[in-house]
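Written out below as structure tokens is the structure these notes cover.
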Protein chains: 4
Amino acid sequence: MSSKPLRADARRNRARILDAAGEVFAERGAAASTEEVAARAGVAIGTVFRHFPTKQDLLGAILKDLLADLTSAGDADLFAFFTRVVTAAAEKKVVVELLAQEGVTVGVEGPVAALGDTLGGLLATAKEVGTVRAEVRLDEVLALLTATAQGALRGGWSADLRDRVLALVFAGLAP
Amino acid sequence: MSSKPLRADARRNRARILDAAGEVFAERGAAASTEEVAARAGVAIGTVFRHFPTKQDLLGAILKDLLADLTSAGDADLFAFFTRVVTAAAEKKVVVELLAQEGVTVGVEGPVAALGDTLGGLLATAKEVGTVRAEVRLDEVLALLTATAQGALRGGWSADLRDRVLALVFAGLAP
Amino acid sequence: MSSKPLRADARRNRARILDAAGEVFAERGAAASTEEVAARAGVAIGTVFRHFPTKQDLLGAILKDLLADLTSAGDADLFAFFTRVVTAAAEKKVVVELLAQEGVTVGVEGPVAALGDTLGGLLATAKEVGTVRAEVRLDEVLALLTATAQGALRGGWSADLRDRVLALVFAGLAP
Amino acid sequence: MSSKPLRADARRNRARILDAAGEVFAERGAAASTEEVAARAGVAIGTVFRHFPTKQDLLGAILKDLLADLTSAGDADLFAFFTRVVTAAAEKKVVVELLAQEGVTVGVEGPVAALGDTLGGLLATAKEVGTVRAEVRLDEVLALLTATAQGALRGGWSADLRDRVLALVFAGLAP
DNA sequence: AATGAATGAGGATTCATTCAT
DNA sequence: GATGAATGAATCCTCATTCAT
């Protein structure tokens with residue numbers, strides 16, 4: 001599953017590039033140039049392409065990372081999870097740009113599925129506990145999550161507005 | 001505020017370009033080339049730039065048009081209006097791409113404000129009639145509308161999914 | 001068959017580019033950069049790509065041109081034709097590089113076939129007149145022609161050497 | 001003239017690289033990447049450059065090898081030798097690409113001269129025996145050989161066509 | 001000696017925009 | 001006003017070569 005372990009410096013560079021790319025794309029959107037990512041990471045352009053043979057691969061890797069982050073945090077509560085994802089999205093421009101996009105599906109199927117699984121588990125629990133209506137389905141919640149995340153990101157919502165919108169959404173899910 | 005009246009053929013071309021651009025950008029996103037818009041409109045590239053000195057201007061004009069369309073249709077019901085906007089968004093890729101974007105703010109302040117006004121009026125009525133809770137504020141509804149529209153567009157929701165998501169949203173607004 | 005006639009300046013540029021490309025590729029081989037072609041032609045790089053959307057297209061066009069030149073000159077004699085082709089090849093590095101190459105088959109089928117036709121006609125005549133043995137086949141002559149042309153080009157033969165080699169070749173064809 | 005004796009593994013690697021390079025360049029032409037040669041040889045890219053400081057050097061070494069092969073085989077007959085060279089060329093794409101090229105003259109003067117010597121000897125014998133006309137000169141034969149080899153390679157001649165072309169060439173040399 | 005990561009110049013191609021016709 | 005050719009900066013990507021490990 002994993003190829004041979006990278007040399008220390010290579011691993012360091014990979015991380016730097018990923019960080020830089022996260023920032024750059026968060027600021028300028030996915031249209032930002034790979035050159036700028038390289039500059040921000042403090043490496044030559046060739047190094048970026050050695051680690052991520054294609055711009056798509058780079059974007060995919062970022063998305064994968066973020067999704068993994070979101071999924072692995074282990075919230076016990078659907079609402080808390082929902083809130084966290086939306087908040088994170090607001091900080092990562094790309095994520096949302098990419099989440100539903102055609103182009104970038106390279107190697108993110110797993111992480112995306114994981115997100116769905118996490119959400120599914122939390123939704124089931126929420127129904128049992130009675131904080132969410134029984135007839136609410138997973139795809140609806142996922143769609144609502146994606147939509148809200150996108151809205152928060154692209155709309156530049158204030159923290160206050162975001163909380164109020166989330167309150168409305170949660171009210172819609174409640175019995 | 002308005003420039004000199006256009007020649008008949010110029011006015012015709014302007015309309016054609018706007019139509020073509022609407023289609024092209026709806027299909028390919030805002031990254032589609034101006035050249036393709038010109039081709040679809042059946043005019044030369046120079047003509048496009050004569051009418052819209054910048055690609056941004058063209059995008060702005062489309063957005064303005066669409067917003068005007070949405071605003072002027074005169075729905076009597078907040079929910080109907082909400083539904084219509086979301087449905088329209090799903091068909092116009094750009095609209096949503098642009099609605100919250102920094103770049104394209106050229107000349108759309110008016111139309112955006114108009115949309116807010118329309119929504120405000122419908123919201124007030126809904127509160128009076130009692131279909132929406134009294135404490136719900138306009139900016140929340142607008143944010144929710146934008147988010148749902150974006151979700152519908154970029155997520156490629158089916159009509160069925162869209163309806164179910166809207167039901168959840170409306171439930172959140174209801175008393 | 002032919003698209004709309006080009007504007008005067010466009011036609012002039014197309015010719016310039018073709019000339020420049022002929023020179024550049026003749027000197028440096030097909031690996032020479034399109035940028036250099038543009039520079040030599042005195043146009044911007046974009047202009048080259050407007051006329052020839054791909055480097056391959058440019059190479060193909062050169063080949064086509066040269067083949068057309070060779071074919072249309074109307075030699076009455078197989079040996080004269082053979083000599084002329086070989087001599088021309090020595091001056092056009094690319095031609096030979098391309099003549100048998102896989103990549104560049106875009107739109108040259110016609111011209112190549114024409115060359116074969118011309119050669120076929122001259123061969124038939126030569127057999128009738130008795131300057132070439134009856135059992136010699138067209139594909140052999142074509143192969144010999146290509147080979148000699150390539151040799152002359154890449155080997156950098158002197159005019160004297162070329163003539164002596166041609167004499168040997170012609171001796172091989174004679175009864 | 002010769003550097004210090006190589007370590008056993010170094011000598012082994014040199015051979016492997018040369019083999020791999022022969023294959024790769026034969027398949028893809030001289031434009032193939034050094035990286036691929038390294039991969040095929042099962043060594044790291046650095047190792048290739050340690051043995052052959054420049055791509056040109058690598059190409060030169062291959063050529064040298066092949067020429068040595070051809071020269072040392074010891075044919076007793078000019079025609080047999082000629083045939084063997086042409087046949088070999090058809091299998092080694094680079095050889096012919098390189099034989100007359102400017103770039104690659106590093107250290108091949110010797111081998112090329114050796115080829116000339118071999119050919120010269122066979123030609124002299126052939127004249128004595130009377131299978132080749134007395135006035136045929138060495139440079140002509142060498143030129144013809146190179147040309148035919150190139151033709152065979154780049155033209156992708158079938159074995160049958162190759163034989164027929166060789167027959168024509170030999171006829172041209174015969175009294 | 002070998003490894004393989006990093007470098008960075010170079011090259012093909014695209015596209016918003018300008019301007020001569 | 002319309003046309004469409006020309007411009008050239010910007011972008012993605014490749015690959016020979018260097019150098020730290």
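Numbers restart at 1 for each chain; the letters A, B, ... are given by sequence-line order, proteins then strands. From a predicted model like this one, the values you see are computed outputs, not experimental measurements.
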* Value in whole Å for how far the C1' atom of E:dT13 lies from CD of B:E35 -> 15 Å
* Asked: Would a distance-only check, ignoring hydrogens and angles, find a side-chain to backbone donor-acceptor pair under 3.5 Å from C:K55 to C:A30?
  -> yes
* **Heavy-atom pair with the smallest gap, counting every atom of B:A20 and B:V37** => CB-O, 3.7 Å
* Structure fact -> Per atom distances to the B:A44 side chain, the nearest of F:dG8, E:dT17, F:dT3 is F:dT3
* Presence of A:T34 side-chain N/O under 4.0 Å of F:dC12 phosphate oxygens OP1/OP2 -> yes
* Between B:H51 and F:dG1, is there a side-chain N or O to OP1/OP2 distance below 4.0 Å? -> no
* Asked: Roughly, in whole Å, what's the span from CD in B:Q56 to P in E:dA16?
  -> 11 Å
* What is the nucleic acid contact for B:S33, judged by heavy atoms within less than 4.0 Å: base, sugar-phosphate only, or nothing? -> sugar-phosphate
* Return the minimal non-hydrogen interatomic distance between B:F52 and B:L18, and the atom names on each side. => CZ-CD1, 3.7 Å
* Starting at the 5' end of DNA chain E, which residue's closest nucleotide do you reach first, A:G42 or B:A32? -> A:G42
* Euclidean distance, atom CZ of residue D:F49 to atom P of F:dA20 [Å, nearest integer] -> 17 Å
* Over all atoms of both residues, closest heavy-atom pair of C:V48 and C:I17 -> CA-CD1, 3.9 Å
* Quickly work out the B:R16 CZ to F:dG1 P distance and round it to whole Å. => 17 Å
* Structure fact -> D:E36 atom CD is separated from F:dT14 atom P, nearest whole Å, by 13 Å
* To do: Give the rounded distance in Å between these two atoms: CZ of A:F52 and C1' of E:dA5.
  => 14 Å
* **Counter-base of E:dA1, judged by Watson-Crick or G-U geometry with both distances under 3.5 Å** => none
* Quick one: look up who F:dA10 pairs with, Watson-Crick or G-U, both distances under 3.5 Å, and put none if it's unpaired. => E:dT13
* State, to 0.1 Å, how close A:G22 and A:I62 come at their nearest heavy-atom pair, and which atoms those are. => N-CD1, 3.8 Å
* Structure fact -> Regarding the side chain of C:K55, the nearest nucleotide among E:dA5, F:dA6, E:dT13 is E:dT13
* To do: Output the single nucleotide from E:dA5, F:dA6, F:dT17 whose closest atom is nearest the side chain of C:A10.
  => F:dA6
* To do: Output yes when a side-chain donor or acceptor of D:T54 lies under 3.5 Å from a complementary backbone atom of D:D57, and no otherwise.
  => no
* Presence of D:N13 side-chain N/O under 4.0 Å of E:dA1 phosphate oxygens OP1/OP2 -> no
* Options F:dA9, F:dA5, E:dT7, nucleotide nearest the side-chain atoms of A:T47 -> E:dT7
* Structure fact -> Paired to E:dA20 by Watson-Crick or G-U wobble criteria (both distances under 3.5 Å) is F:dT3
* Structure fact -> Atom CG of C:L58 and atom P of E:dG11 are separated, to the nearest Å, by 15 Å
* Could you give the CG-to-C1' distance, from A:D57 to F:dC13, as a whole number of Å? -> 12 Å
* Where each residue is assigned the nucleotide of DNA chain F containing its nearest heavy atom, which of B:G46 and A:I45 is assigned the position nearer the 5′ end? -> B:G46
* For F:dA5, does either OP1 or OP2 sit under 4.0 Å from a side-chain N or O belonging to C:R50? -> yes
